[in-house]
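Just below is one structure, and these are the notes that go with it.
Note on naming: letters A, B, ... go to the chains in the order of the sequence lines (proteins, then strands), and numbering restarts at 1 for each one.
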Protein chains: 2
Amino acid sequence: MRTLNERADVIPVIAEVFREYGFEGASLSRITETTGLGKGSLYHFFPGGKDEMARAVLAHVDGWFEREIYAPLRDDVPDAAIVRMWRGVDNYFRSGRRVCLVGAFALDGTRDRFAAAIASYFTRWIAALRDALVRGGWPPAAAADSAEEVVLGIQGALVLARATADTAVFGRALARLQTRLREPPVM
Amino acid sequence: MRTLNERADVIPVIAEVFREYGFEGASLSRITETTGLGKGSLYHFFPGGKDEMARAVLAHVDGWFEREIYAPLRDDVPDAAIVRMWRGVDNYFRSGRRVCLVGAFALDGTRDRFAAAIASYFTRWIAALRDALVRGGWPPAAAADSAEEVVLGIQGALVLARATADTAVFGRALARLQTRLREPPVM
DNA sequence: ATAACTCTGTACCTTTCGGTACAGCGAGTC
DNA sequence: GACTCGCTGTACCGAAAGGTACAGAGTTAT
């Protein structure tokens, strides 16, 4: 019964290939090379081919964020959950050295094919953060605005860090957004 | 002597294909289809093939921003130049319906190939905006920070607008960033 | 020991990829 | 009318794309 185990092990590796090259750029030959698996094994685990691999990878990323970020934001003490989010995000994106797979897919022509998964990733993130802020005493409108600003800022920081090959941008952006969430609006 | 004229006419069309599908996804067949030009004409204008097309497109985008945004930020009255930037950006990105070609290339595996052009586009934008703020009376450190925040915020907004197929995100982000540049820091 | 089942390598398929070669068209020039 | 010269369509190329077929190895259960 190693099937499930090994399939699960391969997904993060494939994810890295998609992350690095995008959907179109992630050729099967690159995937087989990186994973060390031949086409035989690959199509055994993912009969649907590249499309299924991408879906599995998106689901994997989504699962991680749901578990580590969204759920805590919805259920835990707001302040603690938000601290956890900052730590988790900085860790996940390797302080700007790693790019967001979902964001990369969104800009690609790939978007339409995985539209639902891509949109859901972002809207649920924003909704969860907004809820945490509201539970922390923020006015709903300001909470919604700031939640959107934070998620969008993280994506922008990743684009810029990658574009300029300067990971410090990411750290500065996180710091800026972080202070902004610490001081509730004056309204 | 129609050569230069027509080549110049084709570049924006090719740009749209790259913007929509990314470098890898923009196949020659899609380009011929969209431009209405056969391979013969295409390789007549761009002997270097896809690579040269991408470089021409990047140069075209860069030229537009240099002329319409960066130069005014450096040379004109700061307030007016910044107002012009907001108008120009909203217009250029069609209020979030259009994606940033340079940002898309940055996330792609394409980045390395065009690294210089991609990095320069962003660093010059940030530098120009920072200069305008400093000339407008901002402390240099705060100006640098806010300039980075604005450029990064625009990129993030484009990612999110595209990801959620909700252009309103872009408008809200622009409004937020705009108010932030209107009130100089307290420090 | 054998049967069943999971996994893997190899060979092969069609389509599309980026790119090339080139003959010819049409609008100017002399 | 002949001659450029800029442009275009067509046919073609080898390589790589994504995907399939399948025999067999390795393990596990009986």
Side-chain angles (χ1 to χ4, degrees), chain A residues 1-58 60 101 104-105 108-114, chain B residues 1-60 101 104-105 108-114 117:
Chain A
M1 288 300 135
R2 337 203 305 281
T3 305
L4 284 178
N5 244 328
E6 297 210 2
R7 190 190 127 114
D9 290 347
V10 174
I11 289 176
V13 184
I14 300 181
E16 229 51 47
V17 182
F18 279 123
R19 209 188 295 276
E20 195 68 24
Y21 299 100
F23 182 78
E24 307 277 1
S27 65
L28 284 203
S29 67
R30 251 197 276 251
I31 294 174
T32 59
E33 192 184 329
T34 309
T35 59
L37 289 180
K39 282 191 184 184
S41 315
L42 233 33
Y43 274 81
H44 174 72
F45 289 129
F46 308 95
K50 225 176 125 174
D51 202 281
E52 186 175 345
M53 295 180 210
R55 272 174 219 287
V57 161
L58 280 170
H60 180 257
L101 215 192
F105 274 19
D108 217 320
T110 314
R111 200 212 78 101
D112 293 3
R113 207 191 302 221
F114 309 113
Chain B
M1 283 302 136
R2 335 206 306 281
T3 305
L4 284 178
N5 243 329
E6 296 211 2
R7 190 190 127 113
D9 289 348
V10 174
I11 289 177
V13 183
I14 300 181
E16 229 50 48
V17 182
F18 278 123
R19 209 188 295 276
E20 195 68 23
Y21 298 100
F23 182 79
E24 307 277 1
S27 64
L28 285 203
S29 68
R30 253 197 275 249
I31 294 175
T32 60
E33 192 184 329
T34 309
T35 59
L37 290 180
K39 281 190 183 185
S41 316
L42 233 34
Y43 273 82
H44 174 73
F45 289 130
F46 308 95
K50 222 176 127 176
D51 202 283
E52 187 176 343
M53 295 178 209
R55 273 175 219 287
V57 160
L58 279 171
H60 180 257
L101 215 193
F105 274 19
D108 218 321
T110 315
R111 199 211 79 101
D112 293 3
R113 207 192 300 220
F114 308 112

*asked:* Under a 3.5 Å distance rule, please check whether A:T35 uses its side chain to pair with a backbone N or O of A:I31 as donor and acceptor.
replied: yes

Can you tell me the distance, in whole Å, between the [atom1] atom of [X] and the [atom2] atom of [N]?
{"X": "A:E52", "N": "D:dG19", "atom1": "CD", "atom2": "C1'", "answer": "13 Å"}
{"X": "B:L37", "N": "D:dT8", "atom1": "CG", "atom2": "C1'", "answer": "9 Å"}
{"X": "A:E33", "N": "D:dA17", "atom1": "CD", "atom2": "P", "answer": "10 Å"}
{"X": "A:R7", "N": "C:dC7", "atom1": "CZ", "atom2": "P", "answer": "11 Å"}
{"X": "B:F45", "N": "D:dG6", "atom1": "CZ", "atom2": "P", "answer": "11 Å"}
{"X": "B:L42", "N": "D:dT8", "atom1": "CG", "atom2": "C1'", "answer": "11 Å"}

*Choose from C:dG9, C:dT6, D:dC7 the nucleotide whose nearest atom is closest to any side-chain atom of A:H44.*
C:dT6

*Using the ring of each side chain (for Trp, its six-membered ring), is B:F114 parallel, tilted or perpendicular to B:F105, with breaks at 30° and 60°?*
parallel

*Could you tell me the separation between the CG atom of A:L28 and the CG atom of A:L37, rounded to the nearest 0.5 Å?*
12.0 Å

*To the nearest 0.5 Å, tell me how far B:T32 OG1 sits from B:I14 CD1.*
10.5 Å

Could you tabulate the donor-acceptor pairs under 3.5 Å formed by side-chain atoms of residues 20-27 of chain B, not counting sequence neighbours?
residue : atom : partner : partner atom : Å
B:S27   : OG   : B:S29   : OG           : 3.1
B:S27   : OG   : B:R30   : N            : 3.3

*Not counting sequence neighbours, list each pair that qualifies as a salt bridge (Lys or Arg N to Asp or Glu O under 4.0 Å) and has a residue in residues 47-60 of chain B.*
B:R7-B:E52, B:D51-B:R55, B:D51-B:R113

Any N/O pairs under 3.5 Å between the protein and nucleotides 18-21 of chain C? List them or say none.
residue : atom : partner : partner atom : Å
C:dG18  : OP1  : B:K50   : NZ           : 2.8
C:dG18  : OP2  : B:L28   : N            : 2.6
C:dG18  : N7   : B:K39   : NZ           : 3.4
C:dG19  : OP2  : B:Y43   : OH           : 2.8
C:dG19  : OP2  : B:K50   : N            : 3.0
C:dG19  : O5'  : B:Y43   : OH           : 3.2
C:dG19  : N7   : B:K39   : NZ           : 2.9
C:dG19  : O6   : B:K39   : NZ           : 2.3

